[in-house]
Trainee: 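Okay, here's the structure, questions in a sec.
Letters A, B, ... are given to chains in the order of the sequence lines, protein chains preceding strands, and every chain is numbered from 1. Please read these numbers as outputs of a predicted model, since none were measured by experiment.
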2 protein chains.
Amino acid sequence: MFQQLFDSIQEKVTVTPAEMDICKTFFIPKKLRKKQTLLQEGDICIHNAFVEKGIMRSFFTDEKGNEHIVQFAIEGWWITDLSSFLTKSNSIYTIEALEDCELLLLTMEARETLIDKIPMFERYQRLLLQNAYIANQARINSALTETAEEKYVKVGLAYPGIIKRVPQHMIASYLGLKPETLSRVRKQISTRI
Amino acid sequence: MFQQLFDSIQEKVTVTPAEMDICKTFFIPKKLRKKQTLLQEGDICIHNAFVEKGIMRSFFTDEKGNEHIVQFAIEGWWITDLSSFLTKSNSIYTIEALEDCELLLLTMEARETLIDKIPMFERYQRLLLQNAYIANQARINSALTETAEEKYVKVGLAYPGIIKRVPQHMIASYLGLKPETLSRVRKQISTRI
DNA sequence: TTTCTCTGTTGACCTAAATCAACAGAATTT
DNA sequence: AAATTCTGTTGATTTAGGTCAACAGAGAAA
């Protein structure tokens, strides 16, 4: 149940088995079936979710009713609406399971207590945030400067595990493309090889 | 010299005047004239820079030779290449003064010592990073879903202090638009009012 | 002064991606 | 098994924004 989380923590910081055991007690295990949601648009996001098994997505819906995927999270990844979580504001995002999932949830209070008890956990969280920030910076550059084809090729290289498990039109949504466009881009690439 | 920095810190955390005095000693004041650089593409970014006075930009150059502005920083803002700074890797960005500037520089070592001595400084830095992350998330959504006009109107509302001080073609670059396009968008808006 | 460089505008034209629409195989649901 | 939803493809057409080129005013520099 906690294997992925332990791996993720140990990859970034050094903690003792005893600390790991304490750590466990702060998380709420939760199972979601495909299409169930962890967060609904308009609600306040009270959890930081770690994915032990399955795949989640967060998305928002624009005025024209189009869905835009913000993030995918597979095993070993975190997902939340950080803005809503931190400021206790209403979320514009929905977070939903794309497969049956096993999550480990951390509330704000649990997170703060855990940081107090195990200082390394704060470092772990900061490193996650730094990586997420850097990844987002790269995504901005990609969105502003690359063609549809470049975006698709890059996401395939960066997250091969995700494009294999997710419908193609969701990859399109993540990249800010229409499904038809992505289909044509793929055809284009395949005929060139 | 430290006024903007003090304001920025006090806006986010509580620190004593004594702590502020300690804080001072860790920063290296630096003046840059217009067009001088703090970081050159290819170098390792060894400073976290706080802008006391003036305005800075960071940008990268793509394969076709086009410059893309990543960030502006006016008084009270921080600017760095976080990826290069944290991992000591070669930067793809250049950081340059758009006006004569007064900066306060923090090296990695100074930053870590300061965090040790004044724990509140870590919290301050984490809050900055969280805000930057949330702002970047919004920028991704904007880049992927909005029209040229929507992007321009939003940036004008979000950062009025910046669009007044920066040439229009740099705003275009920041938004991923061509200068001609932004010029037309502005004309379009003005004829509608 | 006179030359530059920098900046913003406008026109004519082009192109990448969006839109609209139809279709078909897979996968679910009943 | 039949019906429905989900998914991906393809064609025809439109459109937002890019490209190329010329021009003009504002500063800065010589």
Trainee: Mind calculating the distance between CD1 (A:I189) and C1' (D:dT9) to the nearest angstrom?
Mentor: 15 Å
Trainee: Output one letter per nucleotide in nucleotides 17-30 of chain C: B when a protein non-hydrogen atom lies under 4.0 Å from the base, S when only the sugar-phosphate is that close, - when neither is.
Mentor: SSBB----------
Trainee: Can you list, by chain and residue number, the hydrophobic cluster partners of A:I46 when the side-chain cut-off is 4.5 Å?
Mentor: A:I44
Trainee: Starting at CG of B:L175 and ending at C1' of D:dG18, how long is that distance when rounded to a whole Å?
Mentor: 15 Å
Trainee: When the distance from OH of B:Y152 to P of D:dG17 is rounded to whole Å, what number comes out?
Mentor: 15 Å
Trainee: Which donor-acceptor pairs under 3.5 Å do side chains of residues 171-180 of chain A form with protein atoms, sequence neighbours excluded?
Mentor:
unit_1, atom_1, unit_2, atom_2, d
A:S173, OG, A:E67, O, 3.3
A:S173, OG, A:I69, N, 2.9

Trainee: What does the list of N/O pairs under 3.5 Å between the protein and nucleotides 25-29 of chain D look like, with a distance for each?
Mentor:
none

Trainee: Report, one line per pair, each donor and acceptor closer than 3.5 Å where one atom sits in a side chain of residues 11-28 of chain B; sequence neighbours left out.
Mentor:
unit_1, atom_1, unit_2, atom_2, d
B:T16, OG1, B:E19, N, 3.0
B:E19, OE1, B:T16, N, 3.0
B:T25, OG1, B:I22, O, 2.6

Trainee: Does anything in residues 159-169 of chain B reach DNA chain C, meaning a heavy atom under 4.0 Å, and if so which residues?
Mentor: B:P167, B:Q168, B:H169
Trainee: Which residues pass the ring pair (Phe, Tyr, Trp, His ring centres under 6.0 Å) test with B:H68, not counting sequence neighbours?
Mentor: B:F60
Trainee: To the nearest 0.5 Å, tell me how far A:I118 CD1 sits from A:R123 CZ.
Mentor: 15.5 Å
Trainee: Just distance, no hydrogens or angles: give the donor-acceptor pairs under 3.5 Å from side chains in residues 30-39 of chain B, sequence neighbours left out.
Mentor:
unit_1, atom_1, unit_2, atom_2, d
B:R33, NH2, B:D100, OD2, 3.2
B:Q36, OE1, B:R33, N, 2.6
B:T37, OG1, B:Q40, NE2, 3.3

Trainee: Who are the side chain to side chain donor-acceptor pair (under 3.5 Å) partners of B:Q125, not counting sequence neighbours?
Mentor: B:R111
Trainee: Does A:E149 have any salt bridge (charged side-chain N to carboxylate O under 4.0 Å, His left out) partners at least two apart in sequence or in another chain, and if so, which?
Mentor: A:R192
Trainee: Can you give the donor-acceptor pairs under 3.5 Å from side chains of residues 152-165 of chain B to other protein atoms, not counting sequence neighbours?
Mentor:
unit_1, atom_1, unit_2, atom_2, d
B:Y152, OH, B:R186, NH1, 2.8
B:K154, NZ, B:E146, OE2, 2.6
B:R165, NE, B:E99, OE2, 3.2
B:R165, NH1, B:E75, OE1, 2.8
B:R165, NH2, B:G54, O, 3.3
B:R165, NH2, B:E75, OE2, 3.1
B:R165, NH2, B:E99, OE1, 3.0

Trainee: Among Ile, Leu, Val, Met, Phe, Trp and Tyr joined by side-chain contacts under 4.5 Å, find the other residues sharing a cluster with A:M108 and list them by chain and number.
Mentor: A:L82, A:F85, A:L86, A:L129, A:Y133, A:I134, B:L82, B:F85, B:L86, B:M108, B:L129, B:Y133, B:I134
Trainee: Would you please confirm or rule out a distance under 4.0 Å between OP1 or OP2 of C:dT10 and any side-chain N or O of B:K187?
Mentor: yes
